[in-house]
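One structure is given below, encoded as structure tokens.
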Amino acid sequence: MTVSCNGRPVQVEDLLPALVNYGHFTSMQVRGHAVQGLDLHLARLSQATRELFGSELDIARVQSWMTQALQQAGQGDASLRVTVYSRHFDFRNPLVAVPVDVLVAVSAPVALTAPKRVRSVVWQRELPQIKHVGTFGLFAERRAAMAAGFDDVLFVSATGGISEGSTWNLALHDGERLIWPQAPALRGTAEALLQRHWPGAQATQPLRLADLAGVKAAFACNASGLWALEAIDGQVLPGSQALAEQGRAVLAGVPWDEIRKDPTWR
């Protein structure tokens, strides 16, 4: 993995302010120097910067740093994470609008496809609309689920509404249409792309665990891939693999947006 800060090799002093654990990020898969849903990733970064720091993010500069990081890593195919934080943020006076810093991390590409069995747990992400760096709770719940023999965890709100997985969004199929849970959750880029391009009937509506009795299949998705949910709380979903294959076929047809912002890129 290589990491840069504001377009230059990262230094220890750059990372120390990140230990405050106040910031946000987006993660994406790069293939041939391009990303699916690049506009969604950049919009996520802009909106969260405004909300958390009261300042504007220079998106063109961020794209330039992303391009530069890939070039320096020598990788046209990669996993790329952009993290926004601020060396000027003071938790004692958090209302002051401050300039932000940008970490770009480049690592090996991944493509998640392996089916999973998940269990539900009552848990709610803080500020679910923001992909923030406060991930302790969700990873702790995922670890507990794996210790109990499951592959991952599905979150349910205190009022009983199904929301999202640990690091993924959920889609279910009742035999007639694709259904997305309507609940406070981090709305992912893969979810948005599938909603844009899904060829069949779909709906977004509140879902509770009891509603799973009418579900035939389900898949999970994020920017790193799409995979079948073979079972939820022990309820086997026999159509999930076929539904996941359909979902991957839809994503395969989504255009890839070139990141390039540097005219010297080769």
Do Pro199 and Val250 have side chains that get closer than 4.5 Å, going by heavy atoms?
yes
Does CZ belonging to Arg61 count more than 12 external heavy atoms closer than 6.0 Å?
no
Looking at every heavy atom in both His41 and Ser27, which two are closest together, and how far apart are they?
CE1-O, 3.0 Å
Identify the heavy atoms of Pro109 and Arg31 that sit nearest to each other, and give their distance.
CB-NH1, 3.3 Å
Start with the C-alpha gap between Ile179 and His173, add the side-chain angles, then the distance that decides, and say whether side chain to side chain contact (heavy atoms under 4.5 Å, CB included) holds.
CA-CA 6 Å; Ile179 304 174; His173 206 284; over 6 Å; no
Ignoring hydrogens and angles, tell me if any N or O in the side chain of Glu230 forms a donor-acceptor pair with the backbone of Pro238 under 3.5 Å.
no
Flag, side chain of Arg187 to backbone of Pro128, donor-acceptor distance under 3.5 Å
no
Are a donor atom and an acceptor atom from the side chains of Arg44 and Ser46 found within less than 3.5 Å of each other?
no
Please answer whether the main-chain N or O of Ala218 pairs with a side-chain N or O of Ser240 as donor and acceptor at a distance below 3.5 Å.
yes
To the nearest 0.5 Å, how far apart are OG in Ser86 and CG in Leu52?
11.0 Å
From Leu229 CG over to Lys116 NZ, what is the distance, rounded to the nearest 0.5 angstrom?
9.5 Å
How about Arg248 and Gln246: does a side-chain donor come under 3.5 Å of a side-chain acceptor?
no
Close side-chain approach of Trp168 and Leu112, heavy atoms under 4.5 Å:
no
State the CZ-SG distance between Phe219 and Cys221, to the nearest 0.5 angstrom.
5.5 Å
I want to check something: taking the side chain as every heavy atom from C-beta on, are Met28 and Met66 in contact at a cut-off of under 4.5 Å?
yes
For Glu13, I'd like to know if atom CD has over 12 heavy atoms of other residues, nucleotides or ligands within 6.0 Å.
yes
I'd like to know if Asp151 and Arg143 make a salt bridge, using a cut-off of under 4.0 Å between side-chain N and carboxylate O.
no
About how many Å separate CH2 of Trp227 and OG1 of Thr113, when rounded to the nearest 0.5 Å?
10.0 Å
If hydrophobic clusters are built by linking Ile, Leu, Val, Met, Phe, Trp and Tyr wherever their side-chain heavy atoms come under 4.5 Å apart, do Leu207 and Val156 end up in the same one?
yes
For residues Val84 and Val35: do they belong to one hydrophobic cluster (side chain heavy atoms under 4.5 Å, members Ile, Leu, Val, Met, Phe, Trp, Tyr)?
yes
Leu194 and Gly247 have their tightest heavy-atom pair at CD2-O, 3.7 Å
Report yes or no: does Asp257 contribute a side-chain atom to a donor-acceptor pair with the main-chain N or O of Leu38 at less than 3.5 Å?
yes
Check whether any side-chain heavy atom of Met1 sits under 4.5 Å from a side-chain heavy atom of Val106, and report yes or no.
no
Pair Phe53-Tyr22, ring pair (Phe, Tyr, Trp, His ring centres under 6.0 Å): steps then yes or no:
CA-CA 10 Å; Phe53 297 103; Tyr22 188 81; 5.4 Å; yes
Residues Gln205, Arg177; criterion side chain to side chain donor-acceptor pair (under 3.5 Å); working and verdict:
CA-CA 12 Å; Gln205 65 186 53; Arg177 58 184 180 165; 2.9 Å; yes
Ignoring hydrogens and geometry beyond distance, is a side-chain donor-acceptor pair present between His24 and Thr83 at under 3.5 Å?
no
Grouping I, L, V, M, F, W and Y whenever their side-chain heavy atoms are under 4.5 Å apart, do Val98 and Val20 come out in a common cluster?
yes
Salt-bridge test for Arg119 and Asp152: reply yes if a basic N is under 4.0 Å from a carboxylate O, no otherwise.
no
Report yes if the side chains of Thr204 and Gln195 come closer than 4.5 Å at any heavy-atom pair, otherwise no.
yes
Short side-chain to backbone donor-acceptor contact, Arg125 and Glu164, under 3.5 Å
no
Judged by modelled atom types alone, do Glu51 and Gln129 share a side-chain donor-acceptor pair under 3.5 Å?
yes
Please lay out, stage by stage, how Glu191 and Leu170 fare under the test side chain to side chain contact (heavy atoms under 4.5 Å, CB included).
CA-CA 8 Å; Glu191 177 190 74; Leu170 167 74; over 6 Å; no
Please determine whether side chain to side chain contact (heavy atoms under 4.5 Å, CB included) holds for the pair Ser107 and Ser79, giving the CA-CA distance in whole Å, both sets of side-chain angles, and the decisive distance to 0.1 Å.
CA-CA 5 Å; Ser107 58; Ser79 296; 3.5 Å; yes
Value rounded to 0.5 Å, distance of CD1 in Ile259 from CG in Leu80:
6.0 Å
Between Leu15 and Phe91, is there a shared hydrophobic cluster once you connect ILVMFWY residues whose side-chain heavy atoms come closer than 4.5 Å?
no
Ser4 vs Gln68, side chain to side chain donor-acceptor pair (under 3.5 Å): CA-CA, chis, key distance, verdict
CA-CA 9 Å; Ser4 60; Gln68 180 180 314; over 6 Å; no
Taking C-beta and beyond as the side chain, do Val82 and Leu103 meet within less than 4.5 Å on heavy atoms?
no
For the side chain of Glu126 and the backbone of Gly134, is there at least one donor-acceptor N/O pair under 3.5 Å apart?
no
So if you build clusters from Ile, Leu, Val, Met, Phe, Trp, Tyr with side-chain heavy-atom gaps below 4.5 Å, do Val102 and Phe89 land together?
yes
For Gln202, does the CD atom have more than 12 heavy-atom neighbours from other residues, nucleotides or ligands under 6.0 Å away?
yes
Measuring from Arg8:CZ to Gln72:CD, what's the distance to the nearest 0.5 Å?
12.0 Å
Where Ser157 and Gln124 come nearest, the two heavy atoms and their spacing:
CB-OE1, 4.0 Å
Taking all non-hydrogen atoms of both residues into account, name the closest pair between Ala190 and Ala223 and its distance.
CB-N, 4.2 Å
Taking Asn222 for the side chain and Thr167 for the main chain, is one N or O donor matched with an acceptor at less than 3.5 Å?
yes
Strictly below 4.0 Å, N to O, side chains only: are Arg87 and Asp14 in salt-bridge contact?
yes
Evaluate the side-chain proximity of Leu212 to Val215: yes if any heavy-atom separation is below 4.5 Å, no if none is.
yes
For the pair Asn169 (side chain) and Gly188 (backbone), establish whether a donor and an acceptor sit closer than 3.5 Å, ignoring hydrogens and angles.
yes
Quick one: do Leu243 and Leu178 satisfy side chain to side chain contact (heavy atoms under 4.5 Å, CB included)? Show the steps, please.
CA-CA 9 Å; Leu243 184 67; Leu178 193 69; 4.2 Å; yes
Just so I know, are the side chains of Lys216 and Leu237 near enough to count as touching, which here means a heavy-atom distance under 4.5 Å?
no
Flag, side chain of Asp233 to backbone of Ser120, donor-acceptor distance under 3.5 Å
yes
Would you confirm whether Glu141, through its side chain, and Ser166, through its main-chain N or O, come within 3.5 Å as a donor-acceptor pair?
no
Verify the neighbour count for atom CD of Gln182: are there more than 12 heavy atoms of other residues, nucleotides or ligands below 6.0 Å?
yes
